[in-house]
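Below, chains carry the letters A, B, ... as their sequence lines are ordered, and counting in each starts from 1.
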Number of protein chains: 2
Amino acid sequence: MAVTEPHTEPHVDTREALLDAAEKLFSEHGIQASSLRMITQQAGANLAAVHYHFGSKEGLVRAVFARRLRPLEEERLRLLVACDEAGEAGVEQVLAAFVAPLLRRVRETPEGGQDFARLMGLAFMEPSEELRSMLLEEFRTTADRFIAGLHERLPHLSRQEMIWRFHFSAGAMAHVVSCSQMVERFSAGLCKCGDHESLLRYLVVFLASGLKAPATMGAELQGEPA
Amino acid sequence: MAVTEPHTEPHVDTREALLDAAEKLFSEHGIQASSLRMITQQAGANLAAVHYHFGSKEGLVRAVFARRLRPLEEERLRLLVACDEAGEAGVEQVLAAFVAPLLRRVRETPEGGQDFARLMGLAFMEPSEELRSMLLEEFRTTADRFIAGLHERLPHLSRQEMIWRFHFSAGAMAHVVSCSQMVERFSAGLCKCGDHESLLRYLVVFLASGLKAPATMGAELQGEPA
DNA sequence: CTACGATTCAAACGTTTGTTTGAAACGGAC
DNA sequence: GTCCGTTTCAAACAAACGTTTGAATCGTAG
């Protein structure tokens with residue numbers, strides 16, 4: 001009926017073409033710097049199409065992030081549940097459940113993966129408070145569950161230090177993914193960001209070792225027994 | 001005739017007032033979203049003052065970052081040299097030389113430290129290629145020296161893995177510093193970002209453990225002997 | 001065919017942007 | 001006092017922004 005489906009047409013849907021174009025331009029120039037005229041031109045659509053399909057530029061922005069973020073968080077949680085059900089999963093497996101879904105999407109993004117990666121990095125840096133709140137709420141469930149899952153396997157840590165170490169891990173991952181071009185430039189091409197399998201292994205080994213480190217002594221003595 | 005502002009002291013230097021206002025507004029709303037009219041009004045200066053003192057908005061942006069970044073990199077390198085001269089300094093001391101100067105500046109920023117922290121996070125995410133190149137060059141020297149300094153103390157790592165682990169560390173630090181408000185919200189106030197002494201200890205312990213981890217096996221076999 | 005909802009289109013809306021201008025005001029040197 | 005380089009000021013510039021509008025176009029059902 002209304003669903004005119006899967007033919008190899010150039011762009012079956014203006015809506016989808018706008019999302020693709022916006023995602024690409026956002027990652028290249030930032031959100032504010034990507035005008036609706038640039039986006040609609042890239043999408044081969046009319047300027048007014050954005051307001052017809054999304055109501056406003058803000059609506060487009062939210063749709064761009066929601067399209068990518070929701071499946072990502074769902075896959076992370078699915079893999080985390082699989083860890084718990086397996087019973088034998090250690091810190092490394094939980095870490096992989098957190099990192100791998102992101103890296104896989106970076107790899108699968110058509111334009112070399114740069115677009116999606118930089119987009120995620122942009123998410124928490126852009127000015128719009130409305131967007132930031134949406135992303136924080138979206139991310140909060142994931143963060144809480146992974147912190148709990150890691151804490152079960154790292155009972156020697158205080159809750160406070162567990163939370164800190166999780167955010168250290170998330171930061172390392174986010175930085176590598178969104179600034180991978182910097183790594184390549186600094187290493188004179190020695191570190192190939194396209195090799196996501198190696199990168200995943202490197203990252204998990206590094207983070208697991210950091211997470212497993214003995215509890216920090218001398219900090220927050222007032223709350224922690226010696 | 002001096003226009004006596006109600007609360008702001010008569011700025012001895014318009015130039016400095018513009019830098020302060022720009023830094024504050026950049027960190028709050030991003031670079032693109034901070035118009036010259038907002039900046040000059042906040043600084044109590046005329047709209048044209050930006051072009052008189054900095055030539056353009058781009059010039060102002062570069063000046064804002066250069067003012068903070070150069071002393072930061074200099075202090076980092078100074079502390080790194082001190083590590084080498086001491087002879088006894090381990091991975092933890094080198095890490096502290098990298099992290100502490102940034103944390104100290106975050107703490108010393110008047111507006112609760114948020115401004116400077118978010119500004120640094122914004123640096124690598126904003127669209128301007130010109131600014132990004134400037135920051136990359138500024139950061140390259142520091143990165144190379146710290147990678148070398150760490151590699152001396154971690155000879156079991158390949159150069160490739162050493163570089164990766166350094167960027168993991170830089171990412172964890174950058175994320176914590178620029179997204180500290182997120183950590184506080186997620187931890188329901190349990191993790192106080194204002195407590196930089198504890199944070200520094202937590203971070204160094206975590207990163208040192210990650211850096212010291214045994215070399216990753218199975219990755220890049222073609223380049224590394226088993 | 002006509003008719004209708006869904007979608008696209010070109011053109012314009014008012015606002016805001018970075019930048020430019022030329023004159024006014026300043027502060028020492030002479 | 002006059003002079004001169006430095007700095008500030010109000011006003012205007014063209015360009016670009018997000019948004020709105022009303023008519024044109026499409027695909028399909030009656």
Side-chain angles (χ1 to χ4, degrees), chain A residues 1-26 28-65 122 126-131, chain B residues 1-5 8-26 28-65 122 126-131:
Chain A
M1 281 300 213
V3 196
T4 54
E5 274 268 6
H7 287 8
T8 52
E9 302 171 16
H11 37 80
V12 285
D13 198 358
T14 304
R15 212 186 121 92
E16 211 69 17
L18 285 172
L19 288 173
D20 290 338
E23 179 173 295
K24 178 178 174 62
L25 290 172
F26 287 170
E28 285 177 3
H29 312 103
I31 297 177
Q32 300 254 0
S34 302
S35 71
L36 294 185
R37 284 168 177 82
M38 293 166 62
I39 294 169
T40 50
Q41 181 175 346
Q42 166 100 19
N46 186 269
L47 172 59
V50 169
H51 290 83
Y52 178 78
H53 286 285
F54 301 99
S56 67
K57 183 179 183 180
E58 175 77 22
L60 172 63
V61 172
R62 296 169 64 106
V64 165
F65 280 94
L122 234 58
E126 281 282 330
S128 164
E129 184 53 47
E130 195 176 352
L131 171 63
Chain B
M1 181 175 64
V3 183
T4 52
E5 302 282 340
T8 43
E9 71 275 17
H11 290 116
V12 279
D13 197 358
T14 303
R15 212 186 121 93
E16 211 69 18
L18 285 173
L19 288 173
D20 290 337
E23 181 173 293
K24 177 176 174 64
L25 290 172
F26 287 170
E28 286 177 2
H29 313 104
I31 297 178
Q32 301 254 0
S34 302
S35 72
L36 293 186
R37 284 167 177 83
M38 294 167 61
I39 294 169
T40 50
Q41 180 176 344
Q42 166 103 18
N46 186 271
L47 171 60
V50 169
H51 291 82
Y52 177 77
H53 287 284
F54 302 99
S56 67
K57 184 180 183 180
E58 174 78 22
L60 172 64
V61 172
R62 296 169 64 107
V64 165
F65 281 94
L122 236 57
E126 281 281 331
S128 163
E129 183 54 46
E130 195 176 351
L131 172 64

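- Between A:Leu18 and A:Val64 the shortest side-chain heavy-atom distance does not fall below 4.5 Å.
- For the side-chain hydrogen bond (donor to acceptor under 3.5 Å, both in side chains) test, no residue two or more places apart in sequence or in another chain qualifies with A:Glu58.
- When the C1' atoms of four end pairs are superposed on the next four at each end of the helix from C:dC1-D:dG30 to C:dC30-D:dG1, using five pairs per end, the two resulting axes differ in direction by 20°, to 10°.
- For A:Arg62, the side-chain hydrogen bond (donor to acceptor under 3.5 Å, both in side chains) partners two or more places apart in sequence, or in a different chain, are A:Glu130.
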In 5'-to-3' order, the base (B), backbone-only (S) or no-contact (-) status of each nucleotide in nucleotides 8-19 of chain C, using a 4.0 angstrom heavy-atom cut-off, is BBB-B----BBB
Acceptor/donor pairs from residues 40-49 of chain A side chains to any protein atom, 3.5 angstrom cut, sequence neighbours excluded:
residue, atom, partner, partner atom, Å
A:Thr40, OG1, A:Leu36, O, 2.7
A:Thr40, OG1, A:Arg37, O, 3.3
A:Asn46, OD1, A:Ala48, N, 2.9

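- Annotation: side chain of B:His51 is not in contact with side chain of B:Lys57 (no heavy-atom distance under 4.5 Å).
- The shortest side-chain heavy-atom distance between A:Phe54 and A:Val61 does not fall under the 4.5 Å cut-off.
- Taking 4.5 Å as the limit, every side-chain heavy atom of A:Leu60 sits out of range of all side-chain heavy atoms of A:Phe65.
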